[in-house]
Amino acid sequence: MAGTGENGLDLVLAQPRGFCAGVVRAVDIVERALAKADRAVGDPGVYVRHEIVHNGRVVADLTAKGARFVEILDEVPDGATTIFSAHGVSRAVEAEAARRGLPVIDATCPLVAKVHKQGQLYAAQGRTVILVGHAGHAEVEGTLGRIDGEVHLVGSVAEAESLDLPADTTLAYVTQTTLSVDDTRAIIAVLARRFPDLVGPETKDICYATQNRQAAVRALAEVADVILVVGARNSSNCNRLREVAAEAGRPSHLVEGAEDLDRIDLGGARTLGLTAGASTPEVVIAEVIAALQRRTPLRISTLPGVIESVSFPLPSSLGHT
Ligand code: SF4
C-alpha cells in the first residue's frame with residue numbers, strides 16, 4: 001500500500017456497514033440446516049444452490065462446516081437438503097426441486113420475495129413488466145423467472161432510451177434490490193418520460209440495507225480523501241458502494257480482503273474512509289483494519305449513522321421463527 005505517511009491515518013468507518021438482515025438470515029439458515037443434518041444418521045448432506053450470499057469468505061466458512069455449493073440442481077443428490085440462496089430462484093428451479101422431491105429450505109431474502117410478488121401482481125393486471133437490474137445477476141435471473149408474460153430487463157439509461165415498445169404500452173416496473181438509488185431514479189425518469197402509462201414503486205424496491213449503506217458512503221465521501229469498500233468483486237451492493245463513492249468525487253477501491261491492500265495507492269491521503277457491503281462479514285472488515293494498522297498508525301472513528309434493527313424470521317421448517 002503506497003501513499004501513507006509516518007504520521008499515520010485517520011480511519012473513518014461508515015455506519016451502517018456490513019451484514020444486512022437478509023444475509024444474517026441466509027447464513028443462519030445454512031448453519032441450522034447443517035446442525036440438523038449432523039444429527040441425522042445417513043443424511044446425504046446440505047447443498048446450497050449458488051453462493052448463499054456473494055462473499056467468498058462466507059462460502060469458504062460454510063464449506064468448512066460441511067455445506068456444499070452447486071450451481072445446478074443436477075449436482076444435488078436425491079434426498080439432500082437443498083437451500084436456495086438469498087438471491088432467490090426462478091419458478092423453473094423451484095419446480096425442478098419439487099419434481100425430484102428434494103427437501104428445500106428457501107433462504108431467499110424476504111425483500112427479494114416481495115419484488116417477486118410485486119412483479120407477479122403487475123403481470124396479473126395485464127401490464128408488461130420492466131425489471132430494472134443487471135443482466136446475469138442471480139437475483140435478476142430469479143426475478144425474471146418468477147414473473148409471467150412479457151418482462152424486459154433494463155440496466156441503464158441508454159437501455160431505457162432504446163427500449164423498443166410502443167409509447168402507449170401499459171407498463172410497470174420493479175427493480176433489483178441492490179441497485180444505485182441515483183442510477184435507478186435516472187432510469188425510471190427516462191421510462192416515465194417515454195411511457196406515460198407506467199406504474200411502479202419508485203425506488204422502494206431498493207432495499208433498506210442498500211439505501212442505508214449508500215447514504216452512509218455518501219456521508220463518508222464528505223470527510224474522507226480515499227474510500228475502501230470491503231467486499232467481493234461479484235457482489236452487486238459492494239460494487240454499487242464503490243461507484244457511489246467515486247461519483248461523490250473520491251478515489252474508491254473495492255478490497256476483497258487484507259491481501260488486496262498492497263495494490264492500493266492512497267496518494268497521500270490523510271483521512272481514509274472504510275465501508276463494507278451487505279454480504280461482507282465483520283471478520284474480514286476487522287482483518288483489513290488490522291492490516292492497515294500494521295502498515296501505519298491509525299486514529300479510528302465511526303461516522304454517526306443509522307443503527308439498523310431489522311431482522312427476518314427463519315423458515316418454520318428450521319423450528320424457529
Ligand atoms: Fe435482502 Fe437487501 Fe440484504 Fe439483499 S441486501 S439480502 S435484499 S436485505
Side-chain angles (χ1 to χ4, degrees), residues 14-32 48-59 62 69 83-90 105-119 131-134 136-147 173-184 200-217 229-244 254 275-282 284-285 305-315:
Q15 172 67 40
R17 59 182 186 278
F19 271 15
C20 62
V23 166
V24 168
R25 175 179 180 269
V27 172
D28 202 8
I29 284 173
V30 180
E31 286 181 336
R32 284 172 191 259
V48 185
R49 185 190 174 279
H50 196 64
E51 289 191 347
I52 185 72
V53 300
H54 286 155
N55 188 275
R57 175 66 73 87
V58 172
V59 170
L62 292 172
F69 289 84
I83 299 177
F84 294 154
S85 78
H87 315 95
V89 297
S90 67
I105 307 176
D106 190 356
T108 302
C109 176
L111 299 182
V112 174
K114 184 172 145 234
V115 174
H116 295 166
K117 283 203 191 82
Q118 204 162 29
L131 171 58
V132 182
H134 295 135
H137 189 274
E139 180 186 324
V140 165
E141 297 298 321
T143 304
L144 286 173
R146 289 254 158 204
I147 301 171
Y173 67 84
V174 291
T175 85
Q176 192 179 338
T177 57
T178 51
L179 299 177
S180 150
V181 176
D182 293 340
D183 291 354
T184 305
E202 299 178 2
T203 53
K204 292 192 192 82
D205 282 346
I206 299 176
C207 80
Y208 80 96
T210 302
Q211 301 214 22
N212 287 347
R213 281 154 190 71
Q214 287 179 13
V217 84
V229 178
V230 185
R233 285 187 187 86
N234 64 340
S235 160
S236 172
N237 75 84
C238 294
N239 280 293
R240 300 297 82 76
L241 283 180
R242 197 204 60 73
E243 287 168 10
V244 169
L254 190 62
T275 188
S279 47
T280 308
E282 193 57 37
V284 179
I285 302 169
V306 174
I307 307 291
E308 294 174 339
S309 58
V310 178
S311 65
F312 297 129
L314 290 167

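Counting convention: from 1, in listed order, for ligands and their atoms alike. Each residue takes its place number in the sequence, starting with 1. We use all heavy atoms of the structure for the numbers below, so side chains are in, but hydrogens, waters and symmetry mates are not.
For a distance bound of 2.8 Å, the N, O or S atoms of Cys207 include one lying that close to atom 2 (Fe) of ligand 1.
Side-chain atoms of Gln211 come within 3.5 Å of backbone N or O of Ile206 as a donor-acceptor pair. Here the side chain of Thr280 pairs a donor or acceptor atom with the backbone of Val230 at under 3.5 angstrom.
Between the side chains of Glu139 and Thr177, at least one donor N or O sits under 3.5 Å from an acceptor N or O.
Closest to atom 4 (Fe) of ligand 1 among all protein heavy atoms lies Thr177 OG1, 4.0 Å. Atom 8 (S) of ligand 1 has its closest protein heavy atom at Cys20 SG, 3.6 Å.
Tested against Pro315 for a side-chain contact (heavy atoms from CB on, under 4.5 Å), the candidates Thr108, Ile29, Ile83 yield a single pass: Ile29.
Here atom 1 (Fe) of ligand 1 lies nearest to Cys109 when heavy atoms of Pro110, Ala113, Cys109 are compared.
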